[in-house]
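Contents: one structure, followed by commentary.
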Amino acid sequence: MPPGRPVARFIARIFAWLPLAFTVWYFAAPLLLWPVRLAVEVVAQLGFADIVRAIEQHGSDVTFVTSLRPGEARAAGGTVTVDVNLLVYSFGLPLYAALVLAVGERGWPQRLAWGFLALIPFIAWGVLADFLKNVAIASGPLVASQTGFVAWQREVIAFAYQFGALVLPTAVPAIAWVALHRDFLERLRVAR
Amino acid sequence: MLRFLVLFVLLQAALFGAELTPWAQEVLVVPWTNTLARLSAWLVTLFDPGVVATGKVLRSSANGFAVSIEAGCNGVEATIVLLAAMLAFPAPWKNRLIGLAAGVVAVQALNVVRVISLFYLGQWNLAVFEFAHLYVWQALIMLDVLVVWLIWVRTLPRADDGGGRGPPPAAATASA
């Protein structure tokens, strides 16, 4: 670590990388977040196959096609669909990328890849919890009653949604970065 | 490090769960959010008198545009992450308390900047407001938390300071 204000120089490098990281993330999101859609699809098929018929990706949005009937049109045969914006749960990716690139150590491509892989399940958590919150809580009693969730399950869904929306998208990239840059952190800690 | 990370995640989940209880919402979160709106309005009126705060809503009397400070925008979650990080990291309690006091001020100060900047961005361009609100400011607030934590960790006593903690001197010499 070169001498003199190491944290300030590190912050400056993060801000130098952030605009590029956000730009790449925003425009490459349909491709970058395809694994998230895959993870959500696997979990939905394993755990909620009775509710979710299909999951479609349109750009950076995913659409959950359900078997639930909308309250107002039960007789008409329509089904409920829920759109979730993947970007809302994945803005930690450019933050993580900027942090890794700001460190700029050997092995940064591997660290980028490992961090990306580590973040996918947590982004998927947020997306799935958003969907469940919509059908089990926000959609009203006519739709919610078809999901079969009881009161305590709706409480769990509410907590999972709040945690997945408010804490995980920001905290997990920082945790992944700390876990994968312990040597750098130690050097930053002792540098004068 | 593993102990720190596990403890950090558990503390975060526990503190966040506590934040969601009706008692915490009523006694801490809602009053704080209203205070944040009033503080933001007071700061804005120093240079723009046409701004008023009603509860958690900041409103322009000139064009009617308003922002409502909701969960995730009041800095409470960022403060919880900082609190969990400082409690989970091995440190003397005195350093923790000083770090928390300074850290909460740093996080909330930047959050006031976020609220005010979003208030004006929204009046200028709603698409830019959405992008800044949903993505950029969220990342910047967490970056603030991380930087505060890094600076705090650097202030902790080390083995070569006689504090009985930190890396062996050889590691420090090799990397400094």
Side-chain angles (χ1 to χ4, degrees), chain A residues 1-3 5-8 10-11 14-15 18-19 21-22 25-26 29 85 87-99 102 122 155 158-192, chain B residues 1-2 4-6 8-9 12-13 15-17 19-20 70-74 76-78 80-82 84-85 89 130-156 158-161 165-169 171-176:
Chain A
M1 174 89 39
R5 297 177 176 247
V7 175
F10 177 55
I11 295 167
I14 295 170
F15 276 100
L18 263 180
F22 262 104
W25 162 78
Y26 187 77
N85 180 0
L87 297 177
V88 169
Y89 300 97
S90 64
F91 60 80
L93 283 174
L95 174 63
Y96 175 78
L99 286 167
F122 297 97
E155 290 292 328
F159 180 83
Y161 166 69
Q162 298 265 19
F163 199 60
L166 299 176
V167 176
L168 292 181
T170 48
V172 172
I175 294 171
W177 179 79
V178 167
L180 290 172
H181 293 83
R182 282 171 286 178
D183 293 345
F184 172 78
L185 282 172
E186 195 51 50
R187 291 201 304 280
L188 192 70
R189 199 166 89 83
V190 299
R192 294 297 185 189
Chain B
M1 180 59 81
L2 183 64
F4 162 70
L5 290 173
V6 170
F8 173 54
V9 171
Q12 250 189 100
L15 289 167
F16 185 69
E19 184 218 339
L20 293 181
E70 300 292 339
C73 298
N74 52 16
V76 172
E77 287 76 20
I80 283 174
V81 173
L82 182 68
F89 199 81
E130 282 294 308
F131 192 84
H133 173 225
L134 292 176
Y135 316 129
V136 177
W137 266 117
Q138 301 273 55
L140 291 180
I141 292 289
M142 186 45 60
L143 187 57
D144 187 26
V145 170
L146 184 63
V147 167
V148 166
W149 182 76
L150 285 175
I151 291 170
W152 174 73
V153 165
R154 278 170 57 80
T155 67
L156 295 178
R158 303 199 302 262
D160 51 353
D161 292 337
R165 293 186 57 258
T173 308
S175 58

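First the proteins, then the strands, lettered A, B, ... as listed; each starts at 1.
When each of A/V172, A/D183, A/L166, A/I11 is checked for heavy-atom pairs under 4.5 Å with chain B, A/L166 comes out on top. Of the residues considered (B/W149, B/F8, B/F4), B/F8 shows the highest number of contacts with chain A, using heavy-atom pairs under 4.5 Å. For chain A, the option among B/L150, B/I141, B/V81 with the highest count of heavy-atom pairs below 4.5 Å is B/L150. Ranked by heavy-atom pairs shorter than 4.5 Å toward chain A, the options B/T155, B/L146, B/L134 are led by B/L146.
The shortest heavy-atom contact between A/F22 and B/A139 is CZ-CB, 3.8 Å.
Side-chain contact between A/I175 and B/Q12 is present, with heavy atoms from C-beta onward closer than 4.5 Å. Between B/L143 and A/L99, the closest side-chain pair of non-hydrogen atoms falls below 4.5 Å. No side-chain heavy atom of B/L20 sits less than 4.5 Å from a side-chain heavy atom of A/F163.
Both the backbone and the side chain of B/Q138 come within less than 4.5 Å of a heavy atom in chain A. Contact of B/V9 with chain A is made through the side chain alone, with heavy-atom distances under 4.5 Å. There is no contact between B/A84 and chain A, counting heavy-atom distances below 4.5 Å.
B/E130 CD: more than 12 foreign heavy atoms inside a 6.0 Å radius.
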Begin from the C-alpha positions of B/L140 and A/L18 and carry the test side-chain contact (heavy atoms from CB on, under 4.5 Å) through to its verdict. CA-CA 10 Å; B/L140 291 180; A/L18 263 180; 3.9 Å; yes

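Classification of the B/F131-A/Y26 ring pair by plane angle, with boundaries at 30° and 60°, yields perpendicular.
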